[in-house]
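Just so we're on the same page: letters track the sequence lines, and every chain starts at 1. Computed from a predicted structure; not experimentally measured.
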Amino acid sequence: MSIVYKRPEVFTDEYKKYCGGCGHGIINRLIGEIMEEENLVDKAVLIWPIGCSVYADKYFKTDSICALHGRAPAVGTGVKRSCPEDLVVVYQGDGDMVSEGMAEIMHAGIRGEKFTVVFVNNSIYGMTGGQMAPTTLMDQVTTTTPYGRKDENTGHPVNMAEIISGLNGCYYSERVTVNSPANIRKTKAAIKKAFKYQMEGKGLSFVEVLSPCPTGWKVKPLQALKWIDDVVTKQYPLGVFKDCGQEEK
Amino acid sequence: MSIVYKRPEVFTDEYKKYCGGCGHGIINRLIGEIMEEENLVDKAVLIWPIGCSVYADKYFKTDSICALHGRAPAVGTGVKRSCPEDLVVVYQGDGDMVSEGMAEIMHAGIRGEKFTVVFVNNSIYGMTGGQMAPTTLMDQVTTTTPYGRKDENTGHPVNMAEIISGLNGCYYSERVTVNSPANIRKTKAAIKKAFKYQMEGKGLSFVEVLSPCPTGWKVKPLQALKWIDDVVTKQYPLGVFKDCGQEEK
Amino acid sequence: MNRVTVDREMCKECEYCLHFCPKGTILKKSTTVNKMGYYPAEAVDMTDCIACGICASVCPEGAITVEKNI
Amino acid sequence: MNRVTVDREMCKECEYCLHFCPKGTILKKSTTVNKMGYYPAEAVDMTDCIACGICASVCPEGAITVEKNI
Amino acid sequence: MGDKVFMQGNEAFAEAAIRSGCKFFFGYPITPSSEIPEYYAKKAPSEGLTFIQAETEVSAFNMVAGVAATGKRGMTATSGPGFSLGCEAMSYMSAAGLPSVIVDCMRPGPADGEILGSQGDYNQLTKGGGHGDYNTIVLAPYSVQEYADFAPLAFDLAEKYRNPVVVASDGTIAKMMENVEFPEKIAPKGRSDWACDGINGRDHYNDITTCGDGPEQWEKYNLNLQSKYTKIRENEQRWEEIQTDDADILIVAFGSLSRVCLTAMRIARENGIKVGIIRPITLWPFPVKAFEKFADKDVKYFVTELNAGQMVNDVKLAVNDNKKVEFYGRLGGITPTPVELYKKLCELYK
Amino acid sequence: MGDKVFMQGNEAFAEAAIRSGCKFFFGYPITPSSEIPEYYAKKAPSEGLTFIQAETEVSAFNMVAGVAATGKRGMTATSGPGFSLGCEAMSYMSAAGLPSVIVDCMRPGPADGEILGSQGDYNQLTKGGGHGDYNTIVLAPYSVQEYADFAPLAFDLAEKYRNPVVVASDGTIAKMMENVEFPEKIAPKGRSDWACDGINGRDHYNDITTCGDGPEQWEKYNLNLQSKYTKIRENEQRWEEIQTDDADILIVAFGSLSRVCLTAMRIARENGIKVGIIRPITLWPFPVKAFEKFADKDVKYFVTELNAGQMVNDVKLAVNDNKKVEFYGRLGGITPTPVELYKKLCELYK
Amino acid sequence: MKSELIFSGIGGQGTILMGKMACTAASKKGYNVTLSPAYGQEKRGGRASCQVVISEEIGSPIISEADTVLVMDEKSLKDYEGKVKSGGTLVINSSMISTKATRKDIKVVEIPFTEIATKVATAKSANMVALGAVVKSLDIITLDDAKEVLKIKMKPALVDANIKALEAGYNFVK
Amino acid sequence: MKSELIFSGIGGQGTILMGKMACTAASKKGYNVTLSPAYGQEKRGGRASCQVVISEEIGSPIISEADTVLVMDEKSLKDYEGKVKSGGTLVINSSMISTKATRKDIKVVEIPFTEIATKVATAKSANMVALGAVVKSLDIITLDDAKEVLKIKMKPALVDANIKALEAGYNFVK
Ligand SMILES: Cc1ncc(C[n+]2csc(CCOP(=O)(O)OP(=O)(O)O)c2C)c(N)n1
Ligand SMILES: Cc1ncc(C[n+]2csc(CCOP(=O)(O)OP(=O)(O)O)c2C)c(N)n1
Ligand code: SF4
Ligand code: SF4
Ligand code: SF4
Ligand code: SF4
């Protein structure tokens, strides 16, 4: 007998507060799997944002810090500078990063902080009930864009993986998604690579994950996965925007 | 007899607190000249930042608001949304914009606020006595980089005109300097164009001006002008990064 | 024989496992709710299961265990 | 004749006008300080002045007035 | 006044604000305040409103400052964490004399904490979250109707004194649904002579700055602010007295909790204890006048708050005898029941 | 202790902080605090320090939170406008029990105001600039020596109680130069059992969070915080009494202004007026104990501050009789002279 | 006259909607009504409850003891059984709650909302069955009042089925 | 013994440096010394002054009335003439100040610092001329004390010229 898949040991028994079908669950799981596979549990400090993933500290048997809304990169800077040998994971939502925390993430990129950012882009504010994020798609309906996002008040969606890749301090930037088994595999590979770069002492490693928020989008989970293919990836192309590890070869 | 040059009427008699040779003086003067030439004095609301230009409200006979450090684009958003017919000028230093106000300027760009930003990049904090700015050049000595700016703690200089030009809401972005009569002429033309676009109701118009800060750089004014040519423009190339008005033609 | 086990109380009825299972006969939705009010997925027929692990790999809850050759 | 006038109390001794004046004989630094302790520029010899206005265009203080054909 | 509508506190406030001519809303979502921006977003096209979701609360407060600087009515709404981020701007708007309105839907802190009702921001709102000597008028509604009534009042006071006004509701008042009546829409007022909306024909230019020009100038500037605060303290103390005439015990409570006290008072009176209520309506200026007429009477004060004891110090200062004042608080988002308060009261005064 | 060095307040503080093992500084320049980051920048290579100029104060405070969360000593320094931006983080660090040190070099607000000495942030620092019920220990030095001494003390207190500690200097103390003696460098301490520095062999994992899990849990969490504050109130009140024994008038003043009071007191005594001084050293916890032994004596209190009257309320609460307390304040960055204070004193008590 | 009600369950079960309908019915009759909702931090599957106070004068939105408490899930029963006034009514959704109430001084009504709803309409109408059962325990609101409100608040297409559910709940209680 | 001094001028004139040197000299002799600087918001051309208190016990850094006041520019004279203690000394930089002092109850010393400095050294040493003049008015610090400090604080190459300036200032005052 062999076990093909078993819930990672690094998870606690805590019931997860995510909605059914939420991408956070998948991404959390991948992080757990990688930490376990790569023997990083002992070295990890996970930094969680304010957003739907704020309770994730309760899901992992690792050191965890919940940062204030938008400030995870600042807290991560403090942690990583203090413990340069640790695996510091700065986990952020799109409201958290692109709106409240724009200054923090830009400057983490500018300084080239040597931690990994896992950026969960679900193009909406999940936790607070479905308001617009800067990443919300044009014409997307949210509680603060009830007639769809329009140029006039809110401008256009912001492509963070591209912007961050343009900063000198960024070592690696890739956009992935978790809407199919194959894409989930690629997401895992991307996060794994980011962790590897971090443990090698490279600059900022940044993984943007397009993630379904069925509740915020007001659709069934499977429809959410499809919407990622049909609409979300059109604004946010998947791919590697920078990989200094690759270039070095 | 004809008058070739006379101090614009729009200036008050207030003694300017700028140091001798400071670029702010030149840029302030150009703004005054343009407002007068284009008949915009009556329509202008100038928004000043915290920085060496904070007292500029006293130099102009126009409506002026001094914003908090970094927040001029937010205040500008309030003003321009309230008075869309006015000429709203958001004047910022590099510490003000690129450090304290990174979120504000990025989002003004993202939303495409219809005001003009005059960004005075002197690669240092003038008012507070010469600390590093995110725009400080590599190896530049400041009071907080006493051994020169190094990659490790501070990363690389940030090229705002380029970054802003990459945002959808930006209509016009150009970088100029004021270190020679010819360059001063070009700066005036750039700001004039920005004002024109604004009065036409276009999106964000952004003019980055490389500006001498002899005091912060600890050199004589004339050396400061030369340093702009020799060093500063190497990091910050002059030129137009976006001009939707041009493209439209 | 292979075995897929779904933790009934963890499942939140997203149907990802059902949808992505290449076979389609193995997992089904339960007809009764769990404590949180969801109709959880359950493995009903292991005959065709190839233990590919896809169901587990898409499950946001980590609710699924897949064993091969038990 | 043209005329360049420097407002003595406004000038802060940056020397931009002196430096960029295409003629070089018109402006000089004063030998006495103004109220703020600067040695201001002053127009000493208008003979060669072509009233190009360059001195005024570079002055951060707006301290210079240039008049043509007075 | 029109018909009564059964409405949520936040939505009623937003509707009332729109009717009172507030055409600009800048805000960042946060529970329990988000229905206010959402209401503005929904009504924007039909009412000709400007609604902008700001990138941060820091920006939202400064955008409001910008609108206020032009003399127009603008506001933001947030909760504790956001208000903390806005503290610098509160200090700024106060110094600059900008008539803005800020809603703080209090939730239990510190930090992100919980999202239910709380009064833990009392000190922050009344003693200045921000730096320096400044004060903002703080209105604390206790019903959906009063919440809505405070929208026009807040703007009127803000403009009267050229000072920011905070409406301090909480998770309970914000989410509570009650019947409410609205006033008619008011006509927009003209330009303000002091505002920076471009000269546009005005015979002078205006300047809004908060940067001092030497300590003498800045002391004078501050003294002007202080004399404004003195005037506000004289004119704008607001409170409600409920059955205080014959009372042996005066409950002091504000906002959502004062509602609970109403019922607790009735229970006490049914049980023969003479209880009355002083309900501060303005938290700043604190209604010290409310306490004056009891100075010589032998009454006890029972202060209850949804915090660890904040307003109680203002009561002590007003009463000028700590021994007369007892405190009971609940934390974390728990609001005590009327019976709980009644029992506590019995316990303390027996 | 080594030799005396003639040094500026801020630099002396920075040197003392380095000697007390604070290896991390994150900060954003602002007058009159900037010499602290500049000193760290200068010493970074030789002392193995980490100095990062943060993008904003918001970030600086949160970076400090990050270092504190790993159990290491870290700090930031700012002035009023920056502290206001840090208010959310203050609330957060307090809730999270993070032992950080924050220097506030007070300058005259509100808004950007002036850059000289001031005590206008008293309320902000002691009543919580941020939201919710929390408290931070606040130490107010009155000399360069004491400023330097407070660096190790601040870290010790922060770690003892797992609570942020604020060192509240001002434009005067910060820029003032005096002779100062430093203690020897202390050896860095080991890992903290509660800290999040990676498990790295520890037998448990650690979790720092300030998000409530229902009001019951969050009330309990708050009650724990409150009992910590009670303990601090009991143990850590600090003050200095100067010639109080025979005094008819007690001046109450802290920080730079208490220095002026020393000379004013001497002038008064030369003129036959028995004046003493109570100098609060901890602004929070406020030294109420200092006032206890005077409760039955017929002394008057003369409170003077570089603000419009902030600490005076804490004095009134401690004294429990407003009529015994007089206040005199200067604003805008003006510090009164000793003679000015003496005259005021005569005027009030004649 | 005064009536205090608590509706408690999991988000999505319609507890707030029921509260709103009770309020609307009562306020049509001239009462002061106050509904205070409480949500957990989860979006779906989180706690959702509300307290409804119907009275002649303005008073506490927070209830010391409720006349009627409706519990839709296990946790609600645990949290709110103690909240029922002695002599009051506890209505239990037995479709999701297997635990038994322990108090003897109150009237306990167990109803399988989902089963009944499925029978007379669809499972979605379970909350209307519940509302019917609650209304039965009240003096202030009659079944007809509830029907009136339902007609106003619901899409016409849904009215009939939901009225059936309402009646079924009402009639289930003896 | 106690001595209170004020040095005031424009940024760049070395007022703070003079204060520091006075402090160093006095603290070498065991006194408590406190120097409180004050700057305007301008970088160059702004106000720069300092108050120096030399005393046996710790006390106010803020001076009610100074024993000696040095003013380097017009505005300083205006601001600080009133600050001189009756019987104290006001030292005026007559190179930059044409206005006359009005008080009669104090000793007024007018010295053209720049001119003297240019004569004995260079214009840069004007502040040492000033310091010399101030020292003359003090009991606590002697000319030799000042020279000692100058030797420690200055680059060796500059010492001689500045000592000459110091002496010139000292000797100018009668
Ligand atoms: C300073 C501050 N502002 C606002 C909030 C309210 N808030 C909590 S989570 C959140 C947004 C969450 O959206 P996102 O970051 O996209 O994460 P998601 O919930 O979608 O995973 C907001 C605005 C807060 N807690 N603190
Ligand atoms: C919130 C806040 N932080 C810091 C400061 C202090 N401060 C004033 S101006 C300034 C920087 C000025 O530099 P820059 O923006 O580049 O303008 P410059 O003076 O060079 O023109 C700083 C940090 C402040 N006033 N407010
Ligand atoms: S609201 Fe969206 S992001 Fe939040 S838990 Fe639910 S599905 Fe996930
Ligand atoms: S410090 Fe620099 S930027 Fe500021 S006024 Fe002087 S030269 Fe200009
Ligand atoms: S993927 Fe997981 S949560 Fe979703 S239905 Fe399957 S077992 Fe349930
Ligand atoms: S350019 Fe202007 S300020 Fe500079 S030296 Fe000439 S006149 Fe003086």
Side chain, backbone, both or neither of B:Ile184 within contact of chain D (heavy atoms, under 4.5 Å): side chain
B:Gly21 and D:Tyr16: which non-hydrogen atoms are nearest, and at how many Å? O-OH, 2.6 Å
Could you tell me which portion of D:Leu18 (side chain, backbone, both or neither) has an atom closer than 4.5 angstrom to a non-hydrogen atom of chain B? neither
Rounded to the nearest 0.5 Å, what separates atom NZ in B:Lys220 from atom CD in D:Glu15? 7.5 Å
Nearest 0.5 Å, what's the CG-SG distance between B:Leu225 and D:Cys14? 8.0 Å
B:Asn179 versus chain D, heavy atoms under 4.5 Å apart: side chain, backbone, both or neither? backbone
Examine distances only and state if a side-chain atom of B:Arg29 and a backbone atom of D:Cys59 form a donor-acceptor pair shorter than 3.5 Å. yes
When you measure from the side chain of B:Arg185 to the backbone of D:Ser57, do you find a donor-acceptor pair of N or O atoms at a distance under 3.5 Å? no
Contact between D:Glu9 and B:Tyr15 at the side-chain level, heavy atoms closer than 4.5 Å - yes or no? no
Bottom line for D:Ile70: the part with an atom under 4.5 Å from chain B's heavy atoms is both
Mind checking whether B:Lys16 and D:Met10 have side chains closer than 4.5 Å, heavy atoms only? no
Can you tell if the side chain of D:Phe20 reaches within under 4.5 Å of the side chain of B:Ser180, non-hydrogen atoms only? yes
Chain B interface, residue from D:Cys11, D:Gly62, D:Ala63, D:Ala51 that has the most non-hydrogen pairs under 4.5 Å: D:Gly62
Spacing of SG belonging to B:Cys19 relative to NZ belonging to D:Lys12, to within rounding of 0.5 Å: 7.5 Å
Roughly how far, to the nearest 0.5 Å, is CZ of B:Arg7 from CG of D:Asp7? 7.5 Å
So for atom NZ, which belongs to D:Lys28, do other residues, nucleotides or ligands contribute more than 12 heavy atoms lying within a distance under 6.0 Å? no
Side chain, backbone, both or neither: which part of B:Ile27 has a non-hydrogen atom closer than 4.5 Å to chain D? neither
How many angstroms lie between SG in D:Cys55 and OH in B:Tyr5, if you round to the nearest 0.5 Å? 10.5 Å
Would you say that more than 12 heavy atoms from the other residues, nucleotides or ligands in this model lie under 6.0 Å from the CG of B:Asp230, or not? yes
Hey, is NZ on B:Lys61 packed in by over 12 heavy atoms from elsewhere, all under 6.0 Å? yes
Does the side chain of B:Met1 come within less than 4.5 Å of D:Asn69's, by heavy atoms? no
Can you tell me how far the NZ atom of B:Lys226 sits from the NE2 atom of D:His19, to the nearest 0.5 Å? 10.0 Å
Taking atom NZ of B:Lys58 as the centre, does the number of heavy atoms from other residues, nucleotides or ligands within less than 6.0 Å exceed 12? yes
Identify the heavy atoms of B:Val4 and D:Gly53 that sit nearest to each other, and give their distance. CG1-CA, 4.0 Å
